[in-house]
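The block underneath contains the structure these notes are about, expressed in C-alpha cells.
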Amino acid sequence: MTWLKIKDAFTADPGVELTIKGWVRTKRDSKADGGLSFIAVNDGTCFDPIQVVARHDLPNYEEIAKLNTGCSVEVDGVLVESQGKGQSVEIQATAVRVIGWVQDPDTYPASNKRHSFEYLREVAHLRTRTNTFGAVARVRHTLSQSIHRFLDDQDFYWVHTPIITGSDCEGAGEMFRVSTLDFMNIPKTDDGQVDFSQDFFGKESHLTVSGQLNVETYCSSLSRVYTFGPTFRAENSNTSRHLAEFWMVEPEIAFADLEDDVELASGMLRACASDLLETRMDDLEFFNLRIEKGIIDRLKMIVESPVKTITYTEAIKIIEGCNEKFEYQVKWGSDMQSEHERYLCEKHFKQPVAVINYPKDIKAFYMRLNDEGTDGAPGRTVAAVDILVPGVGELVGGSQREERLDVLDARITEMGLDIDDYWWYRDLRKYGTVPHAGFGLGFERLVQFCTGMQNIRDVIPFPRAPRQAEF
RNA sequence: UCCUCCGUAGCUCAAUUGGUAGAGCGAGCGGCUGUUAACCGCUAGGUCACUGGUUCGAGUCCAGUCGGAGGAGCCA
C-alpha cells in the first residue's frame, strides 16, 4: 500500500491500491446499499479534495459516520473511476483510520460554511484549511520559487542582507527599534539622552526597512544580485495594501540604466505569470471563479505584454487631459494620488504601466539626477520608476542609482541628511563606481495582483499591522 | 494619523415610532438519497463589544473607551 499525495492520487492508474492522509473537508452519508459515506479529503497538495467512499461493512463504520469537517484521517483503498458526477476518480476505502477528532464541532472555527475573510483573520492558525487560503499559500509559494528561478537563470546571486540594521539612513519610513535595554531602567548620558552605548549593539539599531543600500555593496563586485526577505515599517498604516512586516524582492544590476531596470522587472512579472499559468491552474480557476473574474486573462496578458512605459511628464498630461473627475488635481512637480495611478493602469492603459523620470524633489537622494530637459520636463527629474498595476497600485519602485560622488553628496546635503552616516555607501562611488540600477517589488502586492485578493492581510500567513501581532 | 461605516447565537445577518431576541448556515438527533453549496423534520445555542448617562422602560437614543472594515496619507 503506497502513501500517495492526493495530487498524485488523482493522476494514478485506476485499480491501484493506495493510502492517502489528510483532513476531512465534508462528509455526506447515504443509506443506499446498506449505508455508505462520501468523505472529501484534502492534504493541501492540490486544490481539490479526493472523494473517499466508505461502506457500511467497514469494521469501524460507526466511527466513520461520526467524522466531520476538520478531522484528520488515513485511508487505505483502491482508486476507481467514480460512479457519481463531480469527480473522475475516487477511493473505495478498505480501511479508514481516524487520526484526530474535532473536539467541539459546534464551535470549530473552520466549519463547512462560508466565512468572512475578516473572521478568518482572527483564526489565522486554521484558515489555511479553507479553499481560499490553501490556494493563496500555494500561489505564494509558486511565485516565490518563480522569482528565485528567474533571477538564478539570469546569473543573479541571492544576498542575505541583514534584518537588524545599525544604519539609520535607509530612509524609507518609520523604523522599529531593536534593543535589549531595560524599559524600567533606561541608562542616560550626562545630558539626559538615552545612552545607547550600553545597548546590545553599542548604538541605536532597528529592523530594516530595505536591503537596498546593503545589496548595492554586493552589486559593486558581483554585478547582479538581489535580496528577498522580510522588511519592516513602523508606519501607522491602516490600508488593504500595507503591512508592518512584508517581504520585498530587491534586485540590483551593475553597468545598467533605468531602461535595463524596467526590462528586468517586466521580465520577472512575465516569468511569474507564466509559471502560475503552467503549474497552478487549479488554484487560478478558483480565484477566477470566486475572487476576481478575469484574473486568468490578466495573467495571460502579462505573459504577452507585461509593461507599458511612459514618462511622469506624459502621465501628468494624460491625467490633465482626460474627462475623469478626480478628488485631487494633478500638477507637474507633485506626487500622483492613488486615484490618478489607478486611472492610468486600470482605465487608460488597462495594463501594468511603468512611470519613469519623476521630479527630483519628490524622490529619494540616491536616485540618479537626469540631465536638464529630459523628456521635455519643465523641471529637473531623476531616473526613477514606479510600476503601477490594476487593483493594487504601486507594485514596484525603483531607480537608476546616482553613481557620481559629487552629485550624490550634493543631493545628500540638499535633503538635509548627515553625510557622515553614508560613509560606506559613498565609498562605493569612490572606489570603482559604475552606473547601476535596481528596484523593490512588494511580494505581497504581487500575490494580490496574481490572485485578486483584496486585502494584503490575506496573502501573508500571519499578518503584522497596527494592533495585529497575534499568532 | 484623518474621514465614513460597523460591533446582536459558533459564523453571516434581521429586530418597525424606545416596550425584555429572530432567521439562514454550522452543530446534535432522526428521515431520505451514489452523495457532492445535498434535501426534509426536530433540538440545543444569546452578559445584544465594554463603561457610564437619558427614560417608567434601551439591542435601539446620548457620551466615552476598545475592536473591525472601506477610503485617504505614508509607501512596496
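To find a chain, count down the sequence lines: A is the first, B the second, and so on, and within it residues start at 1.
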Q) Reckon R457(A) touches a base, only the sugar-phosphate, or nothing at all at heavy-atom distances under 4.0 Å? A) sugar-phosphate
Q) Does any N or O donor sit under 3.5 Å from an N or O acceptor when you compare the side chain of R467(A) with the base of rC66(B)? A) no
Q: From the options rG71(B), rU33(B), rC11(B), select the nucleotide whose nearest atom is closest to the side chain of R342(A).
A: rG71(B)
(Q) Do R401(A) and Q212(A) have side chains that approach each other closer than 4.5 Å (heavy atoms only, starting at C-beta)? (A) yes
(Q) Any N or O donor-acceptor pair under 3.5 Å from the base of rU35(B) to the side chain of D29(A)? (A) no
Q. Ignoring hydrogens and angles, are the base of rU1(B) and the side chain of E235(A) linked by a donor-acceptor pair under 3.5 Å?
A. no
Q: For Q51(A), answer base if it contacts any base atom (sugar-phosphate contacts may also be present), sugar-phosphate if it contacts only those atoms, and nothing otherwise; contact means non-hydrogen atoms under 4.0 Å.
A: base
Q.
Less than 6.0 angstrom separating the ring centers of F150(A) and F156(A), yes or no?
A. no
Q: Just say parallel, tilted or perpendicular for the rings of W158(A) and H148(A), cut-offs at 30° and 60°.
A: tilted
(Q) I'd like to know if Q87(A) reaches the base of rU35(B) with its side chain such that a donor and an acceptor end up less than 3.5 angstrom apart. (A) yes
Q.
Between L4(A) and T19(A), is there a side-chain heavy-atom distance shorter than 4.5 Å?
A. no
Q. Checking side chain to side chain contact (heavy atoms under 4.5 Å, CB included) for the pair S240(A)/I456(A): CA distance, chi angles, key distance, verdict?
A. CA-CA 5 Å; S240(A) 55; I456(A) 200 166; 5.8 Å; no
Q) When all nucleic acid strands are considered with a 4.0 Å heavy-atom cut-off, which category describes S116(A): base, sugar-phosphate, or nothing? A) sugar-phosphate
Q.
I want to know whether Y218(A) and Y157(A) have ring centres closer than 6.0 Å.
A. no
Q.
Does D106(A) contact rG10(B) through a side-chain donor or acceptor facing the base, at a distance under 3.5 Å?
A. no
Q. With a non-hydrogen cut-off below 4.0 angstrom, is F246(A) in contact with a base, only sugar-phosphate, or nothing?
A. base
**Q.** Which nucleotides of RNA chain B pair, in dot-bracket form (Watson-Crick or G-U under 3.5 Å, | meaning another strand)
**A.** (((((((..((((.....[..)))).(((((.......))))).....(((((..]....))))))))))))....
Q: Could you check whether V396(A) gets within reach of a base, just the sugar-phosphate, or nothing at all, counting any heavy atom under 4.0 Å?
A: sugar-phosphate
Q.
For a quick check, tell me whether the side chain of K31(A) and the base of rC32(B) share a donor-acceptor pair closer than 3.5 Å.
A. no
Q. Do V215(A) and Y226(A) touch side chain to side chain, with heavy atoms closer than 4.5 Å?
A. no
(Q) Taking atom types as they are modelled, would you say the side chain of E327(A) forms a donor-acceptor pair with the base of rG73(B) within the 3.5 Å cutoff? (A) no
